Amino acid sequence: MSRVTTASFPADRPLAVLVTGGAGFIGSSLCRQLSARPATRVVVLDDFSTGTRENLDGVDVTVVEGSVLDRELLGGLVAEADAVVHLAAIASVQDSLDRPREVHDVNVTGTVNVLEAARAGGGVHTVVASSSSVYGSSDALPKHEGMRPRTESPYGATKLAAETYALTWQRSYGLPVLAFRFFNVFGPRQHGGTAYPAVVPAFLERAVAGQPVIVYGTGEQSRDFTYVESVGAIIADAVVRGVTSDEPVDLGFGVRVSLLELLAVMEEVLGHPLDVTFEPARTGDILHSQAAGERLAQLFPGIEDLPLREGLRSTVDWMRSR
Ligand SMILES: NC(=O)c1ccc[n+]([C@@H]2O[C@H](COP(=O)([O-])OP(=O)(O)OC[C@H]3O[C@@H](n4cnc5c(N)ncnc54)[C@H](O)[C@@H]3O)[C@@H](O)[C@H]2O)c1
């Protein structure tokens, strides 16, 4: 049985929130939501390795350029915060295969640095980003937090280590923490132009450019796609209410969509058929992923995900506006 607490904070309490990795895809969306809240001051710490200043255009935040590996800088910023949302990481499976030590340093040592800064700051509420990749490709569906993790990449191992450290800091030192395992987040400001892009921007960028969409494998592999603003809404609510849990929480809504179904919805949204090319499956690709989402629903009963079609429409609008 997991232990969950919600501090009895008033919903409109003034808040100072530090978002590490706040210039990235998920971070910049969260910063938009947090900074729109009354009496909320948002500080971003980002080294701009993948994040951009453009992602935060028009958002009322203070941006500090630096790394979570700079303990002095981090300590000073955390000491002034009521809550930390720790998203900074090298969030690429391929980078972790190519440069496992560096990814360990940023993702694991960086997390320990954040936790230690939060402890030194008198017990600052800390939300940590983990990943559904901790489950690996076991056939059992849906995934749930009671399953034994089985990581299949150094990236997955760093995320499991990061969440384990966070939960251990709660059990050992009483630090108020919440560790979310994100499931396939998509939406505006996610870029496909990398060597191993996430599937939604990979498909959409080619489709919008009139190029054939490449599917690796049969297309029957499936994902629990989560719209980025739903992720931001849940994190913001967790921060405002001071939600903690001594077990990880899957952040996925339990809707499983195959890549072939995803392409069909994309065709509807774009208003034309897509030219699709099939290539052999890539080794290491996880076949199916879906969250049970029960713990999430218990902790955040009022928050639902945007339907896939609407999330894709907003993403396409953003891509076309660039
Ligand atoms: N996008 C997803 O579907 C997904 C799924 C599971 C988990 N996550 C986790 O969510 C978090 C955010 O991911 P994202 O998709 O927004 O990726 P992202 O690459 O857009 O964001 C990561 C941010 O961290 C910054 N960063 C990297 N190293 C840093 C360092 N040493 N110091 C300070 N900043 C640093 C980057 O510049 C970037 O702005 C990551 O922890 C990732 O592992 C994402």
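Just so you know, these numbers come straight off a predicted model, no measurement behind them. Quick note: numbers below take in every heavy atom, side chains included, and nothing from hydrogens, waters or symmetry partners. In each ligand, atom 1 is the first atom listed, and ligand 1 is the first ligand listed.
The distance from ligand 1 to the heavy atoms of Ala91 drops below 4.0 Å at these ligand atoms: 17 (O), 42 (C), 43 (O). Taking a cut-off of under 4.0 Å to the non-hydrogen atoms of Gly66, the atoms of ligand 1 that pass are 32 (N), 33 (C). When each atom of ligand 1 is checked for a heavy atom of Phe182 under 4.0 Å away, the hits are 5 (C), 6 (C), 7 (C), 8 (N), 9 (C), 10 (O), 44 (C). Proximity to Gly51 (heavy-atom distance under 4.0 Å) selects the following atoms of ligand 1: 36 (C), 37 (O), 38 (C), 39 (O). The Lys159 neighbourhood of ligand 1 comprises atoms 40 (C), 41 (O), 42 (C), 43 (O), with distances under 4.0 Å to a heavy atom of that residue. Atom numbering of ligand 1 starts at 1 in the shown order; those under 4.0 Å from a heavy atom of Ala23 are 39 (O). Taking every non-hydrogen atom of Leu87 and a distance limit under 4.0 Å, the qualifying atoms of ligand 1 come out as 11 (C), 12 (C), 40 (C), 41 (O). Per-residue contacts place Gly24 under 4.0 angstrom from the following atoms of ligand 1 (heavy atoms of the residue considered): 20 (O), 21 (O), 38 (C), 39 (O).
Using a 4.0 Å cutoff on heavy atoms, Ile90 does not count as a contact of ligand 1. Contact annotation: Phe183 has no heavy atom less than 4.0 Å from any atom of ligand 1. Distances from ligand 1 to the non-hydrogen atoms of His191 include no value under 4.0 Å. The shell of residues lying under 4.0 angstrom from ligand 1, judged by heavy atoms, includes Asp46. Under the 4.0 angstrom criterion for non-hydrogen atoms, Leu69 is not in contact with ligand 1. Remark: distances from the non-hydrogen atoms of Ser49 to ligand 1 include one below 4.0 Å. Using a non-hydrogen distance threshold of 4.0 Å, Ala162 does not register as a contact of ligand 1.
A salt bridge links Glu116 with Arg119: the closest approach of a Lys/Arg side-chain nitrogen to an acidic carboxylate oxygen falls below 4.0 angstrom. A salt bridge links Glu65 with Arg53: at least one charged nitrogen is closer than 4.0 Å to a carboxylate oxygen.
Scanning the protein for heavy atoms near atom 13 (O) of ligand 1, the closest one is Ile26 CD1, 4.0 Å. At the top of the distance list for atom 15 (O) of ligand 1, counting protein heavy atoms only, stands Phe25 CD2, 3.6 Å. The nearest protein atom to atom 35 (C) of ligand 1, hydrogens excluded, is given as Asp47 OD1, 3.1 Å; this is a heavy-atom distance.
With a 4.0 Å cut-off on non-hydrogen atoms, Phe48 touches ligand 1 through its backbone and not its side chain. Residue contacts with ligand 1, taken as heavy atom pairs separated by less than 4.0 Å, involve Val106 solely via side-chain atoms from C-beta onward. Counting heavy atoms under 4.0 Å from ligand 1, residue Arg181 does not touch it at all. Residue Ser132 does not touch ligand 1, judged by heavy-atom distances below 4.0 Å.
Taking a 6.0 Å sphere around CZ of Arg37, one finds it holds more than 12 heavy atoms contributed by other residues, nucleotides or ligands.
Within the 4.5 Å cutoff, no side-chain heavy atoms of Val84 are placed close to those of His125.
Polar contact with ligand 1: absent for Ser130 (N/O pair, distance under 3.5 Å). Between Thr50 and ligand 1, an N or O atom pair is found at a separation short of 3.5 Å.
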